[in-house]
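Worksheet: one structure, shown below.
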Amino acid sequence: MHYVLRLFISVFLGGIMVLGNAQTQIAFISDAHIQNVDGHPERVRSMEVQVQSTRLFNENYYAFLAALDDVARRNIRWVVLPGDLTDNGQFFNQEKIKEILHAYAGEKGMRFFVTTGNHDPALPLGMRQKNVHFLSADGGRVTREDSCAGYVPQMQCYADFGFFPRKDDCYWESPFTSYTYDKYSYEDACRESVLGKRTYTLCDSLTATDASYLVEPVDGLWLLAIDGGVYLPKEMKDGKWTYQGSSVGYNLVLKHKPFLLPWVRKIVEEARKRHKTLVAFSHYPLVDFNDGVSESVRRMWGDRCFDLHRVPETEVGEAFLQAGLRLHFAGHMHVNDTGIWEGKEGKHLYNIT
């Protein structure tokens, strides 16, 4: 069945809501960044540190629940969460996210689809994080340390939310699966979705995990989750590699994840051939989110101001446009923007952040 989406865009908890006909309504909620202050009041931070940040810390937990309640009131079943679900990938926050999503799935009949962000995971193998800005009972500051998940525990925690196949899916694949749509079976998908089979060579002999997937939760709708995170090695410390973060997003994908673009091209071609509605999403924008003025901003304020290092290079948008992608949803920037890339042949790629 071929579904036609009519798109109506509105700001929604730093994310996007897409409204179509009753069968294809999808809610997009990006960058929820929850801190489980309800279960861990000792993790409350000062208002001073909040206003100096690009996001809130204390209120996000309750805002996320309010957003999900709003989705439920609208009778929307499909919900996409394009990364940065938690404050910084802390285990106790991820467990709370899993609890919340399972609760809404069970009580409201929702289905959730997640992907990675630059805060979850903050680093590919996880980390220990100290923060000095938590409030003590007397209003003073106290330092607390948390364990933050890497790729493997995060994907295992969110196993029911797209990272792995489910029996009730019509179809599921990753860039590393070998079967075809016509010969799909749930058993084959389970065998090929194990994390040991979803790695690639990052550089030299270092391997890394990629969390990209395609899922068809209902006949005719393809959701394409693109893992745009690349965590390059930084230095060897105590016999182990340390890594950089993935804040720059897609700008490192073409070089360090060369398998992704051909896979996306194949998905687009298959979607057209089989008359599927394809909705692609990632945490990271594919198109300039400054409405074409990034170069002017760079000349006036330099390369590191206004998140210019996160602006996708023109070849990134062009490459995915040439691969056939026309609509892409993202987050990362904590703003609502519709970026449009016009390609060399007059075709357009729409990125909704």
Side-chain angles (χ1 to χ4, degrees), residues 15-16 18 26 28-31 78-85 112-121 124 151 154-155 158 161-165 171-177 193 195 198-200 202 208-217 221-231 246-271 276-289 310-313 315-333 339 341 349-353:
I16 307 297
V18 180
I26 308 171
F28 285 75
I29 305 175
S30 67
D31 296 85
W78 315 109
V79 183
V80 172
L81 305 170
D84 282 4
L85 282 70
F112 296 94
F113 306 91
V114 307
T115 189
T116 56
N118 63 304
H119 285 273
D120 51 4
Y151 262 88
Q154 176 177 320
M155 292 175 70
Y158 299 153
F161 312 123
F163 282 140
F164 294 91
Y171 184 70
W172 186 97
E173 72 167 74
S174 81
F176 311 101
T177 50
S193 66
L195 293 175
R198 296 165 72 179
T199 62
Y200 65 99
L202 178 61
T209 300
D210 180 82
S212 303
Y213 63 88
L214 170 74
V215 63
E216 184 177 15
L221 175 63
W222 280 14
L223 297 177
L224 176 60
I226 303 173
D227 179 4
V230 176
Y231 301 78
S246 63
S247 180
V248 298
Y250 273 112
N251 283 336
L252 296 176
V253 162
L254 297 184
K255 179 179 179 180
H256 296 285
K257 287 189 173 182
F259 59 90
L260 271 184
L261 193 62
W263 181 62
V264 170
R265 183 180 294 109
K266 185 203 77 167
I267 296 300
V268 172
E269 292 172 354
E270 283 287 305
K276 308 293 185 181
T277 294
L278 178 64
V279 179
F281 63 94
S282 173
H283 181 62
Y284 308 94
L286 262 180
V287 173
D288 185 351
F289 43 80
R310 296 182 172 186
V311 175
E313 301 292 343
E315 58 261 36
V316 172
E318 183 66 25
F320 280 88
L321 176 65
Q322 292 301 321
L325 210 58
R326 296 293 180 266
L327 178 64
H328 178 269
F329 290 87
H332 196 36
M333 300 314 304
W341 172 253
L349 168 61
Y350 294 84
N351 182 91
I352 303 174
T353 301

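Here, residue 1 is the first one in the sequence, and each next residue gets the next number. As a basis for the values below, the full set of heavy atoms in this structure was taken, side chains included, without hydrogen atoms, waters or symmetry mates.
In terms of the side chain to side chain contact (heavy atoms under 4.5 Å, CB included) criterion, residue partners of Ser246 (sequence neighbours excluded) are, by chain and number, Asn118, Tyr231, Tyr284. By the side-chain hydrogen bond (donor to acceptor under 3.5 Å, both in side chains) test, Glu313 pairs with no residue at all, sequence neighbours left out. Asp210 pairs by the salt bridge (Lys or Arg N to Asp or Glu O under 4.0 Å) definition with Lys257, not counting sequence neighbours.
In this structure, CD1 on Ile267 lies 6.0 Å from CG on Leu224, to the nearest 0.5 angstrom. From Ile26, atom CD1 reaches atom OG1 of Thr277 across 8.5 Å, with rounding to the nearest 0.5 Å. Going from atom CG of Asn351 over to atom OG of Ser282 covers 9.0 Å, rounded to the nearest 0.5 Å. A distance of 10.5 Å separates CG in Leu195 from CZ in Phe176, rounded to the nearest 0.5 Å. The distance from the CD atom of Glu173 to the CD atom of Glu216 is 11.0 Å, given to the nearest 0.5 Å. Atoms CG and CG, on Asp227 and Leu260 in that order, are 7.5 Å from each other to the nearest 0.5 Å.
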Trace of the side chain to side chain contact (heavy atoms under 4.5 Å, CB included) decision for Arg326 with Leu321: CA-CA 6 Å; Arg326 296 293 180 266; Leu321 176 65; 3.1 Å; yes

Please assess Val79 against Phe161 for the test side chain to side chain contact (heavy atoms under 4.5 Å, CB included), listing each intermediate value before the final yes or no. CA-CA 10 Å; Val79 183; Phe161 312 123; over 6 Å; no

Please test Ile226 against Leu286 for side chain to side chain contact (heavy atoms under 4.5 Å, CB included), starting from the C-alpha separation and ending with a verdict. CA-CA 11 Å; Ile226 303 173; Leu286 262 180; 5.7 Å; no

For Val230 and Lys255: C-alpha separation, side-chain torsions, deciding distance, then whether side chain to side chain contact (heavy atoms under 4.5 Å, CB included) applies. CA-CA 10 Å; Val230 176; Lys255 179 179 179 180; over 6 Å; no

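Partner Leu85 forms a side chain to side chain contact (heavy atoms under 4.5 Å, CB included) with one of Asp31, Thr116, Val114, Thr115 and no other, that one being Val114. Among the candidates Tyr350, Tyr250, Trp341, the single residue satisfying the side chain to side chain donor-acceptor pair (under 3.5 Å) test with His328 is Tyr250.
Remark: side-chain polar atoms of His332 are paired, donor with acceptor, to backbone N or O of Ser247 under 3.5 angstrom. Under the 3.5 Å distance criterion, the side-chain polar atoms of Ser174 are left unmatched by any main-chain donor or acceptor of Ser212.
Counting only N and O atoms by type, the side chains of Tyr158 and Asp120 include no donor and acceptor under 3.5 Å apart.
The two atoms that bring Pro312 and Asn251 nearest to each other are CA-OD1, 3.3 Å, heavy atoms only. Between His283 and Pro82, the shortest heavy-atom distance links the atoms ND1-O, 2.8 Å.
Aromatic rings from Tyr213 and Phe113 are positioned such that their centres are separated by 6.0 Å or more.
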